[in-house]
Colleague: 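Shown below is the structure under consideration.
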Amino acid sequence: MSSGPAQCPMRESNIGGGGTRNRDWWPNDLRTNILRQNTSVTNPFGKDFDYAAAFKSLDYDGLKKDLHNLMTDSQEWWPADFGHYGGLFIRMAWHSAGTYRVSDGRGGGGGGQQRFAPLNSWPDNVSLDKARRLLWPIKQKYGNKISWSDLILLTGNVALESMGVKTFGFAGGRADTWEADESVYWGGETTWLGNDVRYAQGHAGPTGEPGQGVVDGDQHKTDAKDIHTRDLEEPLAAAHMGLIYVNPEGPDGIPDPVASGRDIRTTFGRMAMNDEETVALIAGGHAFGKTHGAASADNVGKEPADAPLEQQGFGWHNKHASGKGPDTITSGLEVIWTSTPTKWSNKYLEYLFKYEWELTKSPAGANQWVAKTNDEIIPDAYDSNKKHKPRMLTSDLALRFDPAYEKVSRRFLENPEELHDAFSRAWFKLLHRDMGPRSRWIGPEIPSEVLIWEDPVPARSGPSIDDRDVSDLKQKILATNLKPEELITTSWAAASSFRGSDKRGGANGARIRLEPQKKWKVNNPQQLTQVLGALEKIQSDFNGSGSGKKVSLADLIVLAGTAAVEKAAGIPVGFTPGRTDATQEQTDAQSFEHLEPIVDSFRNYGKGTSRVRSEQFLIDKAQLLNLSTPEMVALVGGLRVLNANWDGSSHGVFTQRPGSLTNDFFVNLLDMNTAWKATGPDQELYEGTDRKTGQKKWTATRHDLVLGSHAELRAVAEVYGQSDNEEKFKKDFAAAWTKVMNLDRFDLTAAQDPA
Ligand code: HEM
């Protein structure tokens with residue numbers, strides 16, 4: 001045996017995160033890591049950096065001017081097609097924002113996630129590593145005043161403007177994140193461009209990786225090949241693992257424009273775009289630039305996440321000829337849509353309808369279409385002596401051969417100004433959809449027109465209620481014949497509709513009294529009507545009292561639960577007035593349906609599916625509520641002893657004094673005298689009996705018992721179950737409660753999203 005330093009296993013494999021990990025040993029273990037993302041530890045600015053303030057001091061005009069100049073400042077290391085980077089930068093911005101999905105609000109351009117794996121290495125993001133690197137000198141120059149997230153999207157906007165689009169506006173305010181967002185379920189496939197899991201039967205739902213489900217993902221694999229009938233798994237918005245939307249060659253590479261239309265409708269619909277917005281985006285986007293498929297993909301090296309060190313973050317090294325410019329390989333398709341690829345026009349639609357199309361192959365062997373014509377009207381990106389015939393992708397032909405898209409496309413063809421307007425609006429929505437209300441938008445280019453997808457709430461007017469009013473109102477609320485738990489569940493229902501992903505929902509606006517929230521089963525509509533009726537009476541008495549002050553129903557809804565918690569806890573619980581009430585007209589009921597919880601572990605509502613266990617829903621919801629593990633544990637335990645189950649059931653109400661905020665939930669959960677067993681084969685409900693007498697003591701759900709079974713959650717439960725920590729528990733619960741009530745209070749700095 002030879003000896004020497006290279007032989008020492010201790011030195012080589014046991015450092016820097018080497019070796020097997022819990023995830024390798026126990027792939028089904030509940031993962032709580034998504035509750036500790038984006039802490040001040042990973043953020044080089046720490047927790048005190050105020051990005052909004054930094055952005056306000058930005059030389060915005062100077063930045064835009066530099067970006068305009070960048071468009072035509074072709075670099076030798078990555079030359080600009082047609083001498084203009086516009087197409088590349090539009091695609092960069094589109095792929096950054098286009099990961100958004102409305103069902104859980106995750107993905108999207110906020111946070112600059114395109115810088116991190118997996119997105120920086122997705123097969124659909126080939127060459128965008130170059131686009132971002134072209135931006136580095138500008139990012140370096142303007143520094144902290146512009147986040148990567150804002151810069152990537154603003155660059156797409158400036159690209160459009162530099163090529164003749166009148167954009168709808170731009171708002172900054174997206175702070176960067178510093179690590180990959182692990183909360184997003186991108187699908188269960190383990191191969192790039194695979195799609196066997198997402199088109200299988202059933203729905204995964206949040207964090208529904210196959211390895212996480214009760215039932216193994218493989219059991220759900222069915223024949224996903226019927227491209228005319230298959231259903232895409234929720235909440236996904238892409239037809240393949242690693243694509244932003246659909247396969248450009250057609251579903252699963254089959255060049256069928258009608259079936260492609262079906263995939264486009266599903267995926268763009270999941271991004272909250274209707275048919276008109278979808279046609280506008282594709283027809284408008286493909287007015288510019290070109291696709292890249294100079295030669296076979298065999299020439300292309302590893303993606304950035306797996307590329308050699310010396311490439312310094314670049315991936316997809318291309319060994320075909322020069323590997324850049326005319327030799328670029330990105331998608332493997334080779335299409336230039338219009339004769340003016342660096343200038344806005346309606347020519348994409350003109351050609352789409354003017355020509356008949358013939359299936360052909362790109363030099364890389366991919367399916368694409370060429371016009372049946374002798375017209376060689378399309379310029380070459382690098383050789384001014386060369387001309388080409390018009391070409392299209394299968395997904396482009398969908399805009400003509402899908403009957404509903406065809407109608408919209410023809411209208412835009414005949415009314416180019418309508419396309420321009422629809423494109424600018426849809427593009428603005430695409431870039432800003434996950435930013436939350438306009439109170440978070442900053443910069444000089446915010447459009448004055450208020451859009452329904454902003455979920456607008458009216459501005460505050462008149463004098464605000466003061467501490468004495470708050471205390472009087474609390475007394476009035478507690479003097480009604482409503483039960484404390486009815487007040488608590490109502491506040492919770494309103495406030496916990498918030499999701500940190502796209503900052504929608506929350507108590508502000510009092511939308512819980514409007515369609516569709518007032519009808520959600522989880523909100524117990526009958527009880528809700530009674531509570532709201534009583535609160536409305538208090539509101540009208542107060543507002544009619546002649547003091548000139550007005551209280552909103554939204555404030556009263558939050559105050560109601562807060563007053564009840566305060567009484568149950570015996571300690572003060574924070575409350576800050578200032579909410580206003582939205583109208584039904586200001587509320588896109590259909591879009592709000594995406595906020596309806598299928599499961600809310602905090603209210604013991606709902607249960608797991610065949611692929612997602614109940615407790616995964618708990619983690620998922622806690623993450624959407626920006627909660628840490630201790631906050632989540634405190635809230636579940638506290639809500640149980642406050643008797644706040646959605647249907648009044650006693651599952652998890654481990655106390656003889658329901659209604660008092662005590663640490664009884666934890667004490668009894670951790671009591672070794674209780675033995676637990678499932679009452680049914682689905683393992684959703686459990687019975688706790690006295691070990692000695694066999695007498696039934698408690699019933700519980702998985703939402704309850706996971707706090708005792710999962711090691712990390714149990715560790716926190718033990719803290720709250722200790723004899724010296726009841727006061728701590730009360731305080732922690734009150735703080736977490738107030739945090740949830742204020743999640744949508746972007747006017748209060750403490751409520752700002754950590755990201
Ligand atoms: C390029 C597909 C929607 C803007 C491309 C490429 C493909 C593609 C395959 C070529 C990438 C390359 O090889 O360089 C699709 C599909 C879409 C879609 C399947 C949806 C069905 C959009 C939208 C926009 C857009 C909504 C913008 C609003 C662009 C631009 C380029 C491009 C500007 C040119 C990039 C360049 O010049 O480097 N698209 N796209 N696309 N796409 Fe799309």
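None of the values given here were measured: they were computed from a predicted structure. Numbering of ligands and ligand atoms starts at 1, following listing order.
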Colleague: Compute both the distance and the angle, then confirm whether R433 meets the cation-pi test with W427: under 6.0 Å from the six-membered ring centre, within 45 degrees of the axis.
Modeller: no

Colleague: Going through the distances and angles, do R391 and E334 end up as a salt bridge (Lys or Arg N to Asp or Glu O under 4.0 Å)?
Modeller: CA-CA 8 Å; R391 280 166 285 174; E334 196 55 52; 5.3 Å; no

Colleague: Distance alone, cut at 3.5 Å: any donor-acceptor contact between the side chains of D66 and Y142?
Modeller: yes

Colleague: Around atom NZ of K343, are there more than 12 heavy atoms of other residues, nucleotides or ligands at under 6.0 Å?
Modeller: no

Colleague: May I ask you to check whether over 12 heavy atoms, not counting those of K387, lie within 6.0 Å of atom NZ?
Modeller: yes

Colleague: Any luck finding a side-chain donor-acceptor pair between Y245 and S395 under 3.5 Å?
Modeller: no

Colleague: For atom 14 (O) of ligand 1, find the nearest protein heavy atom and state the residue, atom name and distance (0.1 Å precision).
Modeller: H292 ND1, 2.6 Å

Colleague: Within the 4.0 Å heavy-atom shell around G289, which atoms of ligand 1 are there?
Modeller: 37 (O)

Colleague: Starting from atom 28 (C) of ligand 1, which protein heavy atom do you reach first, and at what distance in Å?
Modeller: L281 O, 3.3 Å

Colleague: Please list, in number order, the atoms of ligand 1 under 4.0 Å from a heavy atom of V246.
Modeller: 19 (C), 21 (C)

Colleague: Working note: D104 + R499, criterion salt bridge (Lys or Arg N to Asp or Glu O under 4.0 Å); need CA distance, chi angles, decisive distance, verdict.
Modeller: CA-CA 8 Å; D104 63 4; R499 46 191 208 183; over 6 Å; no

Colleague: Where on I90 is there a heavy atom closer than 4.0 Å to ligand 1, on the side chain, on the backbone, on both, or on neither?
Modeller: side chain

Colleague: Which atoms of ligand 1 sit under 4.0 Å from any heavy atom of F268?
Modeller: 20 (C), 21 (C)

Colleague: Quick check with a 6.0 Å cut-off and a 45 degree axis cone: is R133 positioned over the face of F314's six-membered ring?
Modeller: yes

Colleague: Can you find a side-chain donor-acceptor pair between E161 and T167 that sits under 3.5 Å?
Modeller: yes

Colleague: What is the closest protein heavy atom to atom 7 (C) of ligand 1, and at what distance does it sit?
Modeller: L393 CD1, 4.0 Å

Colleague: Apply the test salt bridge (Lys or Arg N to Asp or Glu O under 4.0 Å) to residues E417 and K166: give CA-CA distance (whole Å), side-chain angles for both, the deciding distance (0.1 Å), then the verdict.
Modeller: CA-CA 11 Å; E417 71 295 345; K166 186 168 176 340; over 6 Å; no

Colleague: Show the atoms of ligand 1 that are less than 4.0 angstrom away from any heavy atom in W427.
Modeller: 28 (C)

Colleague: What protein N/O/S atoms lie closer than 2.8 Å to atom 43 (Fe) of ligand 1?
Modeller: H286 NE2

Colleague: Identify the protein heavy atom lying closest to atom 36 (C) of ligand 1, giving its residue, its atom name and the separation to 0.1 Å.
Modeller: K290 O, 3.2 Å

Colleague: Looking only at heavy atoms, is any part of N247 under 4.0 Å from ligand 1, and if so is it the side chain, the backbone, or both, or is it neither?
Modeller: neither

Colleague: Does the cation-pi check pass for K324 over W78, that is, NZ or CZ under 6.0 Å from the six-membered ring centre and within 45° of its axis?
Modeller: no

Colleague: Would the W344 and F423 ring centres measure less than 6.0 Å apart?
Modeller: yes

Colleague: Among all protein non-hydrogen atoms, which one is nearest to atom 16 (C) of ligand 1, and what is the separation to 0.1 Å?
Modeller: S395 OG, 4.0 Å

Colleague: Heavy atom of Y85 under 4.0 Å from ligand 1?
Modeller: no

Colleague: Give me the residue, atom name and distance of the protein heavy atom closest to atom 1 (C) of ligand 1.
Modeller: W337 CH2, 3.6 Å

